[in-house]
Amino acid sequence: MNVFAEVEARVLAALKGLQAKGMLPEDLDFGAVAVEQPRDSSHGDLACNAAMVLAKAAKMKPRDIAEALSSSLKTDPDVASAEVAGPGFLNLRMRDGFWHDVVGAILAQGPKFGASGTGAGERTNVEYVSANPTGPMHVGHCRGAVFGDALANLLAFAGYDVTREYYINDAGGQVDVLARSVFLRYREALGEDIGEIPAGLYPGDYLKPVGAALAKEHGAALINMPEERWLPLVRSFAIDQIMPMIRDDLAALNIRHDVFFSEASLTRGGTDKVQAAVAELRKRGLIFEGRLEKPKGHDDEEWEDREQTLFRSTEYGDEADRALMKSDGTYTYFAGDVAYHYDKLQRGFRHLINVFGADHIGYIPRMLATIAAFTDGQVERDAKGKLKHWHTTGGTADLDIKVVNLVKLFKNGEPYKMSKRAGTFVTLRDVVDEVGGDPVRFMMLYRKELEPLDFDFAKVTEQSKDNPVFYVQYAHARAASVLRNAREAFADLEFVRDGTVSADLALLTDAGELDLIKKAAFFPALIEGAARAHEPHRLAFYLYDLASAFHGHWTRGNDLPQLRVIQADDRAITAARCALVASLQQVLSSGLTVLGVGAPEAMR
RNA sequence: GAUCCCGUAGCUCAGUCGGAUAGAGCACCUGCCUUCUAAGCAGGGGGUCGCAGGUUCGAAUCCUGCCGGGAUCGCCA
């Protein structure tokens with residue numbers, strides 16, 4: 001039950017009624033008509049902008065439309081008042097019974113309250129994390145991981161059919177470096193003194209067990225092989241060892257993926273998916289042999305001018321065409337990504353979402369161009385041809401690229417630089433072990449993803465009570481606690497029977513109680529808006545707001561005992577208030593679950 | 001050089017498709033625990049929404065141009 005959609009439907013019906021009576025011209029576009037929450041609750045429960053958005057097309061004064069709409073809506077038995085205000089707002093107040101029904105709906109629908117059908121089961125692929133499999137996850141990785149995971153949860157809750165995907169970059173030079181680093185640890189495991197790890201290789205201790213495992217499996221068999229023979233073997237061995245480490249790290253943050261897609265698999269075993277994808281682009285006339293201009297702002301010396309295979313991404317607003325083949329005849333990273341995304345499309349996804357780190361911003365235009373090309377879609381541009389949004393439109397499928405900004409690490413207020421070599425490398429696991437997954441997740445989500453985030457390791461560890469996650473969790477625990485106490489006060493207290501509310505909700509007459517219901521009633525609309533915008537942070541802020549309202553109402557009971565939930569001499573009112581508290585607990589629980597954060601029954 | 005992001009209270013940040021008197025947390029000040037969990041609550045001070053134009057019934061929000069901070073650029077991944 002979405003009260004905004006509900007009331008909007010009634011407004012639209014009223015507008016059509018006015019048309020039928022000839023009080024409004026036919027042929028009006030009601031698309032911009034919206035029912036929303038007024039910023040100031042003294043204006044009413046709900047506000048409608050219909051009069052103002054229709055005035056021009058209807059060639060009428062906004063206030064005249066609003067007055068007509070007002071008298072029409074006043075006949076609705078749920079409408080307590082419909083006043084025209086300001087330039088033509090229609091402020092609606094609903095009768096208490098309308099809000100009491102929301103409590104009933106929440107308790108009847110349980111965890112499904114707020115879940116929506118807007119996604120219509122459309123197949124959606126969210127690709128996130130995709131860290132190179134060269135070591136354990138560090139704190140910098142976890143923002144994109146948490147964001148992507150929460151976004152996937154949100155979309156699933158909003159009715160999309162979501163696949164969570166991790167692209168394993170296991171084909172480039174970095175994994176060769178990994179293999180060489182592991183090979184060194186392998187020699188070490190066999191008793192050799194390897195001395196200091198040479199520059200250019202990964203020095204981390206986490207590779208020691210990998211080298212030891214390699215020694216256990218192969219003994220000394222690899223030691224005298226030429227590199228070209230052991231390299232591929234060690235490479236895949238190392239990746240097979242490290243991916244479980246990464247999965248474990250992610251699991252510690254309550255993150256799981258449905259699909260791990262290997263870059264190397266694109267060209268393994270006689271198949272060449274890159275070639276197939278490039279052929280598809282060639283068919284569209286977007287592949288050509290040409291020369292690239294020297295990039296500006298870089299030293300000239302290393303630039304080599306040569307003819308090469310290029311993708312005409314400038315066709316879709318990119319600033320340069322993009323190379324697909326290196327001079328040694330192998331594919332570029334981009335070529336692999338083209339094939340990977342072609343594969344996603346062939347798997348039938350209608351919506352693609354990629355979560356990028358801010359350091360990949362420059363990669364966005366070519367990725368958008370790729371999807372636009374494959375789907376016969378467009379990349380939106382403004383009049384000057386600049387990219388307007390980071391998504392494609394109008395094609396058989398679309399891509400939206402979400403960028404999470406950098407996490408700036410601090411320690412005791414000082415900027416903190418991570419370095420694998422200096423041993424100041426902070427792993428994700430260290431943070432989660434010390435602080436817990438819930439605070440990390442909530443902190444990452446309690447912020448618009450495009451904003452930079454300061455992460456002070458010491459502060460999060462020592463003053464974790466400042467983290468808003470506890471505020472929200474406390475509200476949930478408080479609700480659980482009062483329900484426990486109520487059942488103690490009234491042994492067989494009942495407010496729900498067979499999925500419907502049995503308590504007399506008409507007893508909820510306090511303004512604070514009704515205000516809480518109104519906030520809870522906003523949840524479905526919030527979910528829809530956040531899902532549409534791909535912005536999980538809105539949910540985090542909403543939950544904070546709801547928790548705040550609940551804490552405020554609760555504490556009012558200190559001064560005014562008659563407002564407390566448990567009224568020892570009044571079973572009926574206790575039951576009604578318990579129903580309200582249970583409904584708030586449900587919304588808090590559902591929201592926290594979408595964010596991937598726990599909803600505890602008690603705080604410690 | 002080019003592209004992109006950001007600029008809202010002392011600090012960190014929200015602000016729904018353009019909506020009414022711009023909000024929260026922290027910090028500061030004043031109160032509230034014999035009371036359903038004080039990890040809480042109530043109140044106070046604090047603003048040129050970076051600057052200047054434009055669009056319109058209405059702009060923190062959209063457009064243009066500046067200013068400031070940050071990120072990125074390649075046959076890397």
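Naming convention: chains lettered A, B, ... in sequence-line order (proteins, then strands); numbering from 1 in each chain.
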*Taking the same atom, C1', in B:G15 and in B:G25, what whole-Å distance lies between them?*
15 Å
_Pairwise P distance, B:G53 and B:C11 [rounded to whole Å]_ = 26 Å
Which nucleotide, if any, forms a Watson-Crick or G-U wobble pair with [N], using both distances under 3.5 Å?
{"N": "B:A27", "answer": "none"}
{"N": "B:C66", "answer": "B:G50"}
{"N": "B:G45", "answer": "none"}

*Fit a plane to each ring of A:Y363 and A:F334, take the angle between them on a 0 to 90° scale, and name the class: parallel (under 30°), tilted (30 to 60°) or perpendicular (over 60°).*
perpendicular
*Any donor-acceptor pair under 3.5 Å joining the side chain of A:S327 to the base of B:C75?*
yes
*Is there a donor N/O on one and an acceptor N/O on the other, under 3.5 Å, for the side chain of A:R564 and the base of B:U35?*
yes
Using the six-membered ring for Trp and the full ring for Phe, Tyr or His, decide whether [X] stacks on the six-membered base ring of [N] (centres under 5.5 Å, planes under 30°).
{"X": "A:H43", "N": "B:A20", "answer": "yes"}
{"X": "A:W554", "N": "B:C36", "answer": "yes"}
{"X": "A:Y471", "N": "B:A39", "answer": "no"}

*Distance check: side-chain N/O of A:K408 vs OP1/OP2 of B:A71, anything under 4.0 Å?*
no
_A:Y446 vs A:F541, test: ring-ring contact (aromatic ring centres under 6.0 Å, His included). Steps then yes/no._
CA-CA 7 Å; A:Y446 196 64; A:F541 281 92; 4.2 Å; yes
*Determine the contact category for A:L324: base if any of its heavy atoms lies under 4.0 Å from a base atom, sugar-phosphate if only primed atoms, P, OP1 or OP2 are that close, otherwise nothing.*
nothing
